[in-house]
Every structure is written in C-alpha cells, then in structure tokens.
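Only one structure is covered here, and it is reproduced in the block below.
Below, all heavy atoms of this structure are taken into account, side chains as well, without hydrogens, waters or symmetry copies.
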Amino acid sequence: MSKTKKRNSSRKGDYGYLASEKKRRILITAVLFAVPLLIFFSAMLYFHTRLTIWTVIAVVGCLPACKSLVSLIMIFRARQVETSVYRRIHEHAGELTMSYEMYMTFYEKSANIDAFAICGNTVVGYSSDPKIDVTFMERECQKILRGNSFKATVKIFTRLNSFLERLDSMNAHKESLEEGIKFRPDEKYPELSRNELIKHTILAICL
C-alpha cells in the first residue's frame with residue numbers, strides 16, 4: 001500500500017486515521033447542531049414565540065449533538081503521528097502487523113501510542129507522549145489481551161530507535177515468534193488472522 005493511500009485512510013489503526021476522523025466528527029457535530037437550531041429559529045420566526053412544542057423538540061434534538069461534541073473533544077486529545085516518524089517506522093515494519101495513531105484510554109489514565117507491532121505473543125509499541133505511564137499502559141493492555149485469551153506480552157518504548165531495533169529483531173525472528181501458537185479463527189471475524197485479532201482487540205480500547 002502506498003504512503004498516499006495510508007494518509008487518506010479512514011480505518012482505525014491506519015496512519016492518517018486521526019486527521020480523517022477529526023474532519024468526519026466535525027462535520028457530524030456541525031450537522032447535529034444545525035438541525036435543532038434550524039427548527040428552533042424557524043419556529044420562532046413563524047410563531048413569534050419560544051413557547052411552542054418545537055422548542056422542546058429542538059432542545060431534545062441537541063442531546064445527540066452534545067454527545068457528538070464530547071466525542072469530538074476526545075478525538076482532539078489524540079495526537080497524530082509525525083510524518084517523519086511514520087516513515088521511519090514504516091521502513092522497519094516489514095511483514096509485521098502494525099497499528100498507528102492510537103489514543104489508549106482507561107478509567108485511571110490515558111496516553112497516545114504512535115504505533116504497535118504485533119507478532120505471535122509479542123506486542124511492542126512506541127509512544128512519544130511525554131506524560132505516558134509506561135508500566136500502567138503495558139499492564140492494562142496486557143490484561144485486556146489476556147482477558148480475550150491472547151497470552152501476549154506487551155512492551156512500550158519511549159525511544160524511537162529502541163522501538164525500530166525491536167521491529168528489526170521481530171522481523172528477523174518472525175517465524176520462530178509465531179511457531180507453535182494454536183489459533184482458532186473468531187466466528188465474528190473469520191477473515192482475520194491471530195495477529196489481526198490482537199490488533200482489533202487493542203483498537204477496541206482506543207479512540
């Protein structure tokens with residue numbers, strides 16, 4: 001897949017997702033607010049008073065818009081991966097299953113994860129987030145995976161060069177990392193490989 005396609009991708013976990021998703025949520029939020037406001041002001045002009053059933057309808061109609069606004073605020077907390085960083089990671093990704101631009105959020109803490117690489121029972125991530133609690137995020141992510149029957153070990157790097165070195169090592173030992181691991185396809189996602197299912201599970205806890 002070309003880099004251009006990745007930039008234009010709107011699939012969660014792909015490079016370029018956040019830019020696309022922010023635009024999408026802005027548009028949806030704007031439309032959701034515009035409809036009840038249009039109803040309210042149209043009724044005001046027609047009846048010359050706010051005291052009509054249309055005001056109630058407009059107020060109730062703002063509830064989905066407010067929910068969408070909260071979603072929009074949350075997505076703006078997530079930080080896009082710098083193009084130069086993505087290119088360096090992509091050069092070392094090889095045949096590994098990759099996921100990019102994630103904002104991993106738990107009740108206690110949240111953090112931006114620039115990328116995850118998945119191979120067998122090894123899940124390795126890189127985060128440029130200066131506020132990340134690495135130990136917490138590793139533990140919680142691993143807990144989620146094992147709760148979904150994946151005996152995976154999670155390691156998150158905060159130094160890009162260390163992450164790239166690990167990607168090279170994972171590519172060099174890909175066969176041995178995946179050797180002997182039993183896998184039964186998920187009935188809900190029969191087309192996904194084990195690595196892709198792990199990626200799907202991780203994305204489920206991200207924006």
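- Within 6.0 Å of CD in Glu191 there are more than 12 heavy atoms belonging to other residues, nucleotides or ligands.
- Summarising the geometry, atom CG belonging to Leu72 is positioned 12.5 Å from atom SG belonging to Cys66; distances are rounded to the nearest 0.5 Å.
- To the nearest 0.5 Å, atom CD of residue Glu101 and atom CG of residue Asn112 are 9.5 Å apart.
- The hydrophobic clustering, which links ILVMFWY residues whose side-chain heavy atoms are closer than 4.5 Å, places Ile26 and Tyr17 together.
- Side-chain contact of Arg50 with Thr55: a donor-acceptor pair under 3.5 Å is absent, judged by distance alone.
- Atom CZ of residue Arg25 and atom CE of residue Met74 lie 9.0 Å apart, to the nearest 0.5 angstrom.
- With ring centers used as reference points, Tyr86 lies under 6.0 Å from Tyr100.
- Using a 4.0 Å cut-off between a side-chain N of Lys or Arg and a carboxylate O of Asp or Glu, Glu21 and Arg24 qualify as a salt bridge.
- Distance alone, capped at 3.5 Å, places no donor-acceptor pair between the Gln80 side chain and the Leu18 backbone.
- In this structure, Phe41 is not a member of the same hydrophobic cluster as Phe47, with clusters built from ILVMFWY side-chain heavy atoms closer than 4.5 Å.
- From Met44, atom CE reaches atom CG of Leu51 across 9.5 Å, with rounding to the nearest 0.5 Å.
- Between Ile89 and Met98, the closest heavy-atom pair is CG2-CE, 3.7 Å.
- Applying the 6.0 Å contact sphere to CD of Glu175 captures no more than 12 heavy atoms from other residues, nucleotides or ligands.
- Distance CZ/Phe40 to CG/Leu45: 10.0 Å, rounded to 0.5 Å.
- When the side chains of ILVMFWY residues are joined at heavy-atom separations under 4.5 Å, either directly or via intervening members, Val59 and Leu63 end up in two distinct hydrophobic clusters.
- Side-chain contact between Phe33 and Leu69 is present, with heavy atoms from C-beta onward closer than 4.5 Å.
- Considering all non-hydrogen atoms of both residues, Arg79 and Pro130 come closest at NH2-CD, 4.4 Å.
- Counting only residues at least two apart or in different chains, salt bridge (Lys or Arg N to Asp or Glu O under 4.0 Å) contacts with residues 156-171 are absent.
- Rounding to the nearest 0.5 Å gives a distance of 10.0 Å between CG of Leu37 and OG of Ser42.
- Between the side chains of Ser110 and Arg77, no donor N or O sits under 3.5 Å from an acceptor N or O.
- Within the hydrophobic cluster formed by Ile, Leu, Val, Met, Phe, Trp and Tyr side chains joined at under 4.5 Å, directly or through other members, Phe136 is accompanied by Met102, Met104, Phe106, Ile113, Phe116, Ile118, Val123, Ile132, Val134, Met137, Ile144, Leu145, Phe150, Val154, Ile156, Phe183, Tyr189, Leu192, Leu197, Ile198, Ile202, Leu203, Ile205.
- Hydrophobic cluster membership is shared by Leu177 and Phe157, with clusters built from Ile, Leu, Val, Met, Phe, Trp and Tyr side chains linked at under 4.5 angstrom.
- The minimum heavy-atom distance between Thr52 and Ala43, with the atom names listed, is OG1-CB, 4.3 Å.
- Minimum interatomic distance between Ser68 and Ile28 (heavy atoms only, all atoms of both residues): OG-CG2, 3.9 Å.
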Stepwise side chain to side chain contact (heavy atoms under 4.5 Å, CB included) check, Ile53 with Val56 | CA-CA 5 Å; Ile53 187 63; Val56 177; 4.3 Å; yes
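- In this structure, a donor-acceptor pair under 3.5 Å is present between the side chains of Asp114 and Ser128.
- Residues passing the side chain to side chain donor-acceptor pair (under 3.5 Å) test with Lys174, sequence neighbours excluded: Glu178.
- Using a 4.0 Å cut-off between charged side-chain N and carboxylate O, Glu140 and Lys143 make a salt bridge.
- Both Val35 and Tyr46 are part of a single hydrophobic cluster, where members link through side-chain heavy atoms under 4.5 Å apart.
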Passes side chain to side chain donor-acceptor pair (under 3.5 Å), Ser176 versus Glu179? Steps please.
-> CA-CA 5 Å; Ser176 61; Glu179 186 178 4; over 6 Å; no
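- Within the 3.5 Å criterion, the main-chain N or O of His92 finds a donor-acceptor partner in the side chain of Asn171.
- In terms of heavy-atom proximity, Leu96 sits nearest to Ala117 at CD1-CB, 4.1 Å.
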